[in-house]
Chemist: 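If you scroll down you'll find the structure; I have some questions about it.
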Amino acid sequence: MKKTIVAIMYDFDKTLSTTDMQNYEFIPRLGMTPEEFWGATGEFSEKSDVERILSYMYMMIYQAKKKGIKLTREFLHECGKNIKYHPGVTTWFKRINEYGESKGVKVEHYLVSSGTKEIVEGSSIYDEFTSVFGCEYYFDEKTGEPVWPKLAINYTQKTQFLFRIAKGVKDITDDDSVNKKVSGLRIPYKNIVYLGDGMTDIACMTLLKQNGGKSIAVYPEKEIEKVKKIYEDGRVNFICRADYSSGSDLEKVLHLIIDSAALTRQIEDKEISLANK
């Protein structure tokens, strides 16, 4: 008998990490402050009419060249090594996996981020994910430097990954499979959870909630007002402090979601068994 699968989709910046991933190493290596870098990115976007995610990807290349930094994949990996996480994140995945296993549920973790995938690849939690989807570059084979965006994920484009995860289509170049009508999903929407930190995650949160899944908005300590309106507007199922520690409210909510998936599977199996008698 196949195990029930529960998929958890995560945003990264300010959901798992305490701030934007570029702020820890990449921007300081440019000799800039986060305010200067993101300010320059916003100014470029407004003047040029370039979409904001593409703008920051361009600005990373532009500022690195300006400072004489070779923006290789390896350099970006290095920029992911000192990311700071919310409490409990580094042990979260193992604990949730073990709890799921104890209930006969397989838990899969998916990262869907508008941040830089190459930075995430250098982080300590990269290997915890079944798949990682993020903004990434196409690197020139000779110079090792980026020449074009390979993938850019803005806030509404995140929604396609809900369908990809549900259908088990991980290849981002496979448009046929993700759009094809199927008789059964690898992971039903009701068994998918989305964790995000606020307004930029609303499209995914709302779509998943409307399709029977669970959306959770997390917030730093004492900053509940940031997500309170999202909950009051019915766009998420839960709001929890961004504390992934053992025994936290967030962990308790995930345990309940896993319990529910396990119980639903037991009921469905029992109904099938009775129907076959």
Side-chain angles (χ1 to χ4, degrees), residues 10-85 109-158 160-161 164 169-178 200:
Y10 303 82
D11 176 45
F12 193 93
D13 296 335
K14 301 175 186 174
T15 295
L16 296 171
S17 62
T18 57
T19 187
D20 295 324
M21 63 180 71
Q22 295 88 354
N23 293 0
Y24 299 101
E25 283 285 335
F26 175 75
I27 294 174
R29 291 194 186 199
L30 297 175
M32 302 176 76
T33 65
E35 291 75 20
E36 289 170 337
F37 178 84
W38 296 115
T41 299
E43 186 177 337
F44 169 74
S45 181
E46 289 173 11
K47 284 184 176 180
S48 61
D49 264 352
V50 174
E51 192 270 340
R52 288 188 177 274
I53 299 301
L54 289 171
S55 291
Y56 98 67
M57 294 181 76
Y58 167 80
M59 192 57 63
M60 286 178 69
I61 296 173
Y62 173 79
Q63 292 293 348
K65 282 185 178 178
K66 187 177 175 181
K67 305 293 181 179
I69 295 171
K70 195 169 184 179
L71 195 67
T72 62
R73 186 185 299 275
E74 291 72 25
F75 174 81
L76 290 170
H77 286 179
E78 285 295 316
C79 292
K81 290 186 175 178
N82 293 317
I83 291 173
K84 293 181 176 61
Y85 303 101
H109 307 271
Y110 294 87
L111 184 66
V112 183
S113 173
S114 294
T116 309
K117 183 181 178 183
E118 290 85 7
I119 292 179
V120 176
E121 288 172 344
S123 73
S124 61
I125 62 172
Y126 174 70
D127 290 334
E128 303 288 357
F129 299 101
T130 301
S131 294
V132 171
F133 304 103
C135 299
E136 53 183 319
Y137 294 105
Y138 172 72
F139 292 88
D140 184 271
E141 293 181 4
K142 291 182 179 179
T143 67
E145 295 183 89
V147 294
W148 196 259
K150 184 177 177 180
L151 177 64
I153 305 174
N154 68 21
Y155 314 124
T156 54
Q157 287 166 341
K158 283 186 177 185
Q160 68 163 297
F161 296 97
R164 289 188 179 279
V169 182
K170 299 176 185 177
D171 181 357
I172 59 168
T173 65
D174 186 353
D175 296 326
D176 291 337
S177 297
V178 78
T200 58

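What you see is a predicted model; the values in this text were computed from it and never measured. These numbers come from the heavy atoms of this one structure, side chains and all, not from hydrogens, waters or symmetry mates.
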Chemist: Determine whether a donor-acceptor pair (N or O, by modelled atom type, separation under 3.5 Å) exists between the side chain of Thr41 and the backbone of Phe37.
Modeler: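 Yes; at least one donor-acceptor contact below 3.5 Å.
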Chemist: Would you say CZ of Phe44 has more than 12 non-hydrogen atoms from neighbouring residues, nucleotides or ligands within 6.0 angstrom?
Modeler: yes
Chemist: Nearest heavy-atom pair of Leu54 and Val50: which atoms, and what distance?
Modeler: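 What the structure gives for the nearest pair is CB-CG1, 3.8 Å.
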Chemist: Indicate the atoms forming the closest heavy-atom contact of Met57 with Pro149, along with that distance.
Modeler: CE-CB, 4.0 Å
Chemist: If every non-hydrogen atom of Ser45 is compared with every non-hydrogen atom of Arg52, which pair is closest and at what distance?
Modeler: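 Residues Ser45 and Arg52, closest heavy atoms: OG-CG, 3.5 Å.
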Chemist: Is Leu151 close to Lys117 at the side-chain level, that is, under 4.5 Å between some pair of heavy atoms?
Modeler: no
Chemist: Tyr56 vs Trp38 aromatic rings, parallel, tilted or perpendicular, using cut-offs 30° and 60°?
Modeler: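 Ring orientation, 0 to 90° scale: perpendicular.
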Chemist: Apply side chain to side chain contact (heavy atoms under 4.5 Å, CB included) to the pair Ile125 and Leu111, showing each step before the final yes or no.
Modeler: CA-CA 11 Å; Ile125 62 172; Leu111 184 66; over 6 Å; no
Chemist: Starting at CG of Leu30, measure out to CD of Glu25 and round the result to the nearest 0.5 Å.
Modeler: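 It is 11.0 Å, given to the nearest 0.5 Å.
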Chemist: Do the charged groups of Glu145 and Lys65 touch, with an N to O distance under 4.0 Å?
Modeler: no
Chemist: Could you give the distance from NZ (Lys81) to CD1 (Ile119), rounded to the nearest 0.5 Å?
Modeler: 13.5 Å
Chemist: Could you grab the distance from atom CE of Met32 to atom CG of Asn23, nearest 0.5 Å is fine?
Modeler: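 Those atoms lie 11.5 Å apart.
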Chemist: Between Glu36 and Thr33, is there a donor-acceptor pair closer than 3.5 Å when you use the side chain of the first and the backbone of the second?
Modeler: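 Confirmed, Glu36 side chain pairs with Thr33 backbone.
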Chemist: Does NZ in Lys150 sit with more than 12 non-hydrogen atoms of other residues, nucleotides or ligands closer than 6.0 Å?
Modeler: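 12 or below, so no.
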Chemist: Determine whether a donor-acceptor pair (N or O, by modelled atom type, separation under 3.5 Å) exists between the side chain of Arg164 and the backbone of Asp171.
Modeler: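 Yes: the side chain of Arg164 pairs with the backbone of Asp171.
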Chemist: Which atoms form the tightest heavy-atom contact between Glu78 and Arg29, and what is the distance?
Modeler: CB-NH2, 4.1 Å
Chemist: If you look at every heavy atom in Thr130 and Lys170, which pair is closest and at what distance?
Modeler: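 Smallest heavy-atom distance, with atoms named: CG2-NZ, 3.4 Å.
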Chemist: What's the spacing between Ile69 CD1 and Ile61 CD1 if we round to 0.5 Å?
Modeler: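 If we round to the nearest 0.5 Å, Ile69:CD1 and Ile61:CD1 are 13.0 Å apart.
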Chemist: Scan side-chain atoms only and decide if Thr19 and Tyr24 contain a donor-acceptor pair under the 3.5 Å cut-off.
Modeler: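 No, Tyr24 and Thr19 have no side-chain donor paired with an acceptor closer than 3.5 Å.
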Chemist: For residues Ala152 and Ile53, report the shortest heavy-atom separation together with the two atoms involved.
Modeler: CB-CG2, 4.3 Å
Chemist: Can you name the one residue among Tyr137, Tyr138, Tyr58 that meets side chain to side chain contact (heavy atoms under 4.5 Å, CB included) with Pro146?
Modeler: Tyr137
Chemist: Are the side chain of Ser123 and the backbone of Val120 linked by a donor-acceptor contact shorter than 3.5 Å?
Modeler: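 The answer is yes, because a donor-acceptor pair under 3.5 Å joins these two groups.
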Chemist: Are side-chain heavy atoms of Phe139 and Thr72 found at a separation under 4.5 Å?
Modeler: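 They are not in contact (no side-chain heavy atoms under 4.5 Å apart), so the answer is no.
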Chemist: For Phe26 and Leu71, what are the C-alpha separation, side-chain angles and deciding distance, and is it a side chain to side chain contact (heavy atoms under 4.5 Å, CB included)?
Modeler: CA-CA 10 Å; Phe26 175 75; Leu71 195 67; 3.5 Å; yes
Chemist: Just verifying a value: how many Å separate Leu76 CG and Thr116 OG1, rounded to the nearest 0.5 Å?
Modeler: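 Output value for this atom pair is 7.0 Å.
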Chemist: Distance from Asp11 atom CG to Thr200 atom OG1, nearest 0.5 Å?
Modeler: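 The CG atom of Asp11 sits 5.5 Å away from the OG1 atom of Thr200.
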Chemist: Using atom types as modelled and distance alone, determine if a side-chain donor or acceptor of Ser17 lies under 3.5 Å from a backbone N or O of Lys84.
Modeler: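 Side chain of Ser17 to backbone of Lys84, a donor-acceptor pair under 3.5 Å: no, none is there.
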Chemist: Among Phe161, Tyr110, Tyr10, Phe12, which one satisfies ring-ring contact (aromatic ring centres under 6.0 Å, His included) with Phe133?
Modeler: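 Running ring-ring contact (aromatic ring centres under 6.0 Å, His included) over Phe161, Tyr110, Tyr10, Phe12 with Phe133 returns exactly one hit, Phe161.
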Chemist: Verify, without hydrogens or angle tests, whether Asn154 (side chain) and Gln157 (backbone) share a donor-acceptor contact under 3.5 angstrom.
Modeler: yes
Chemist: For the pair Tyr155 (side chain) and Ser114 (backbone), establish whether a donor and an acceptor sit closer than 3.5 Å, ignoring hydrogens and angles.
Modeler: no
